[in-house]
Trainee: 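Handing you this structure, nothing more for now.
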Amino acid sequence: MRLALIISLAALLAACSNSSKVGQCDAPGLSASDIQGVESSSSRVGETVQVQLETTATLLGEDGSVLGVFAQTMAGQQDDNAITSEGLLLLHRDLPERRVVRASGIVTEYGDDRSSVTAIQVERFSDCGPALDSSVEVIELPLKGRPIEAVEGMLVRIEQPLMLAGVSQLGRRGELMAATGGRLYQPTDVATPGKASSRVYRDNLKRSILLDDLTLAENAPLSAAWQSAYPEGVLPAAGDRWRTVTGVISHHFGYRLHLTAPPQNVRPVREDVLPIRLGNLRIAAFNVLNYFNGDGRGGGFPTTRGARNDHELARQQSKLVKAIRRIDADVFALAELENDAGDASAVRQLVRAISAPGVRWAAIANPTADGRLGDDDITVGLIYRADRLKPLGPARTLINEPFDHYNRPPLLQTFEHIASGQRLTLISLHLKSKGCGTAEGQNADQRDGQGCWNPKRLEAARALT
């Protein structure tokens, strides 16, 4: 969807690249709030309007070219209605940043029916000089008494403490999820499914916001805003604490804050947390995201999932090895391994890659005759520090209903802690995902916070017990 929007917008901008001057810079024009109005979408869509605004930040497209600039009504000219935003997006590739511009064009909503930012498809503009002092509105999350739509397109600053709550899209889209008031928990982790979990869900939305880097490019180098906030080689991580972020609020692909300056007062969490060991062991669960090393015999790309060639596998494996070593656990329950067997299997290759002098890793062998667990493309696994733990007896699994379809067969192993003689039993588990697909009846999403296929997962949990 994002790519399609970018392609259509590129064509739109190509058609309106005329930068001929429009009107006098001291002539009256509409303010951004006149165009924004009080609803989520402008009532002036399709109208040709003329505005004089100060530009604040340039938005780049997937190929790095300019899509447009955010602009807002100048200080002293803004209205006194807290519900109407004083900012919007000007769609034109030649508009200057941090200038006062007079522009004429057609009002539009950039995005789709669910998520869009009010914009002007600029046909002509004049450069009226430098922006003297772009006003920055200080806001707190959640906004009190007004929706976040009230600051769409505006330059804002959040000064309250923020915690990074999600980093999964940093490498792909340059996005981070941040929240006030501490971590964001899955609603049904902390509340009964239904009305109680819905309240947690709504609270999560109110106190969280996406932060991104003013570009729609995917898989691009990390922006200067992220890199300058951290020492070289250190990446943002969930749990990091920030205070004071400045940027423009937008509403394409969900509400987000496009950072216009590096975050301030950054406190990384890793050095405070990761070296701490509580008790005798550290146990971790790790989804290795379709770690496939070929056909299970050391070759044969592409496979049904995962890396498409040796280069992609090397890139994926390098990141996994760094993460596993940094977490420094004694045993990992792995998910999304290639479901193969033998010395050339994916899990055996991973064990060899993470082992080092004085650090000996091993993998638990699957207890099935062919070494595979079920008939899914992916499977679970257990890897452990063989210098700290030893397995007691063979592993066990369940391959009958409800683990014959949807839920992956689990892997159970009892270990003895070599130093203390204590025993523990672990199960590596990957229940049915929440991809709805063919879900129907009670397995369909019941809108209670648990997602689809919940009865199927519950059935598996009871069988495990």
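Heavy atoms only: backbone and side chains are in, while hydrogens, waters and symmetry mates are out.
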Trainee: Does a side-chain heavy-atom distance below 4.5 Å link Phe415 with Leu392?
Mentor: no
Trainee: Do you see a donor-acceptor pair shorter than 3.5 Å between the side chains of Asp448 and Gln446?
Mentor: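 Result is no, nothing qualifies.
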Trainee: Might you work through the side-chain hydrogen bond (donor to acceptor under 3.5 Å, both in side chains) test for Glu149 and Tyr255, ending with a clear yes or no?
Mentor: CA-CA 8 Å; Glu149 178 78 20; Tyr255 283 109; 2.4 Å; yes
Trainee: Could Glu175 and Arg256 be called an ion pair, given the rule that one side-chain N must be under 4.0 Å from one carboxylate O?
Mentor: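 Here Glu175 pairs with Arg256 in a salt bridge, since their nearest N and O are under 4.0 Å apart.
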Trainee: Consider only side-chain N and O atoms of Glu109 and Thr118, and report whether a donor and an acceptor are under 3.5 Å apart.
Mentor: yes
Trainee: Would you kindly say whether Tyr291 and Gln317 are connected by a side-chain donor-acceptor distance under 3.5 Å?
Mentor: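 Looking only at side-chain atoms, Gln317 and Tyr291 do form a donor-acceptor pair, the distance falling under 3.5 Å.
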Trainee: Looking at Arg282 and Asp330, is any side-chain nitrogen of the basic one under 4.0 Å from a carboxylate oxygen of the acidic one?
Mentor: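 Looking at Arg282 together with Asp330, the answer is no, because their closest N to O distance does not fall below 4.0 Å.
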Trainee: Would you say CZ of Arg315 has more than 12 non-hydrogen atoms from neighbouring residues, nucleotides or ligands within 6.0 angstrom?
Mentor: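 Count not over threshold, so no.
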Trainee: Could you pull out every donor-acceptor pair under 3.5 Å between side chains of residues 200-211 and any protein atom, sequence neighbours left out?
Mentor:
| unit_1 | atom_1 | unit_2 | atom_2 | d |
| --- | --- | --- | --- | --- |
| Asp203 | OD2 | Arg207 | NE | 3.0 |
| Asn204 | ND2 | Tyr185 | O | 3.0 |
| Arg207 | NH1 | Thr180 | O | 2.6 |
| Arg207 | NH1 | Gly182 | O | 3.1 |
| Arg207 | NH2 | Arg183 | O | 2.9 |
| Ser208 | OG | Asn204 | O | 2.6 |

Trainee: Under 3.5 Å, is there a donor-acceptor pair linking the side chains of Thr55 and Glu97?
Mentor: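 Their side chains do not contain a donor-acceptor pair, so the 3.5 Å distance test is not met.
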Trainee: So do the side chains of Asn309 and Pro302 get within less than 4.5 Å of each other, counting heavy atoms only?
Mentor: no
Trainee: Give me the atom names and distance for the closest heavy-atom approach of Val245 to Leu162.
Mentor: CG2-CD1, 3.8 Å
Trainee: Tell me, please, which residues at least two apart from Ser33 pass side-chain hydrogen bond (donor to acceptor under 3.5 Å, both in side chains).
Mentor: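 Per chain and number, Ser33 pairs via side-chain hydrogen bond (donor to acceptor under 3.5 Å, both in side chains) with Ser31, Asp79, Glu86.
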Trainee: Going through the checks in order, is the side-chain contact (heavy atoms from CB on, under 4.5 Å) test met by Trp453 and Ser433?
Mentor: CA-CA 8 Å; Trp453 299 109; Ser433 70; 5.8 Å; no
Trainee: Of all residues at least two apart in sequence or in a different chain, which pass the side-chain hydrogen bond (donor to acceptor under 3.5 Å, both in side chains) check with Asp376?
Mentor: Arg408
Trainee: Spell out, as yes or no, whether a donor-acceptor pair under 3.5 Å connects the side chain of Arg146 to the backbone of Ala82.
Mentor: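 Pair found, side chain donor or acceptor close to backbone of Ala82.
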Trainee: Do Ile383 and Val347 pass the side-chain contact (heavy atoms from CB on, under 4.5 Å) test, and can you show the C-alpha distance, the side-chain angles, and the key distance before you say yes or no?
Mentor: CA-CA 8 Å; Ile383 61 174; Val347 69; 3.7 Å; yes
Trainee: Under the criterion side-chain contact (heavy atoms from CB on, under 4.5 Å), I'd like the reasoning laid out for Leu313 against Gln349: C-alpha separation, chi angles, the key distance, then a yes or no.
Mentor: CA-CA 11 Å; Leu313 173 62; Gln349 179 168 322; 3.7 Å; yes
Trainee: Could you check if a side-chain atom of Ser135 sits within less than 4.5 angstrom of a side-chain atom of Gln78, using non-hydrogen atoms only?
Mentor: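 Yes, their side chains come closer than 4.5 Å.
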Trainee: Have Gln186 and Thr188 got a donor and an acceptor in their side chains that come within less than 3.5 Å?
Mentor: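 The criterion, which ignores hydrogens and geometry beyond distance, is not satisfied for Thr188 and Gln186.
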Trainee: Determine the minimum heavy-atom distance between Pro236 and Leu170, stating which atoms define it.
Mentor: CD-CD2, 3.6 Å
Trainee: Is any side-chain N of the basic residue among Arg326 and Asp328 closer than 4.0 Å to the acidic one's carboxylate O?
Mentor: no
Trainee: Which residues pass the side-chain contact (heavy atoms from CB on, under 4.5 Å) test with Glu39, sequence neighbours left out?
Mentor: none
Trainee: Would you be so kind as to tabulate the donor-acceptor pairs closer than 3.5 Å made by side chains of residues 425-432, with sequence neighbours excluded?
Mentor:
| unit_1 | atom_1 | unit_2 | atom_2 | d |
| --- | --- | --- | --- | --- |
| Thr425 | OG1 | Thr414 | OG1 | 2.8 |
| Ser428 | OG | Leu334 | O | 3.2 |
| Ser428 | OG | Gly381 | O | 3.0 |

Trainee: Starting at CG of Leu53, measure out to CG of Leu88 and round the result to the nearest 0.5 Å.
Mentor: 5.5 Å
Trainee: Run the side-chain hydrogen bond (donor to acceptor under 3.5 Å, both in side chains) test against Glu312 and tell me which residues pass, sequence neighbours left out.
Mentor: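 Testing Glu312 for side-chain hydrogen bond (donor to acceptor under 3.5 Å, both in side chains), a comparison that skips the adjacent residues, returns Arg308.
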Trainee: Looking only at the side chains, is there a donor atom on one of Asn290 and Arg305 sitting less than 3.5 Å from an acceptor on the other?
Mentor: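 Yes, Arg305 and Asn290 have a side-chain donor paired with an acceptor closer than 3.5 Å.
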Trainee: Any donor-acceptor pair under 3.5 Å linking the side-chain atoms of Thr84 with those of Gln36?
Mentor: no
Trainee: Glu459 vs Glu401, test: side-chain contact (heavy atoms from CB on, under 4.5 Å). Steps then yes/no.
Mentor: CA-CA 9 Å; Glu459 184 183 3; Glu401 189 179 1; 3.7 Å; yes
Trainee: Are side-chain heavy atoms of Glu152 and Val117 found at a separation under 4.5 Å?
Mentor: yes
Trainee: Would you mind reporting whether Glu140 and Ile158 have side-chain heavy atoms less than 4.5 Å apart?
Mentor: no
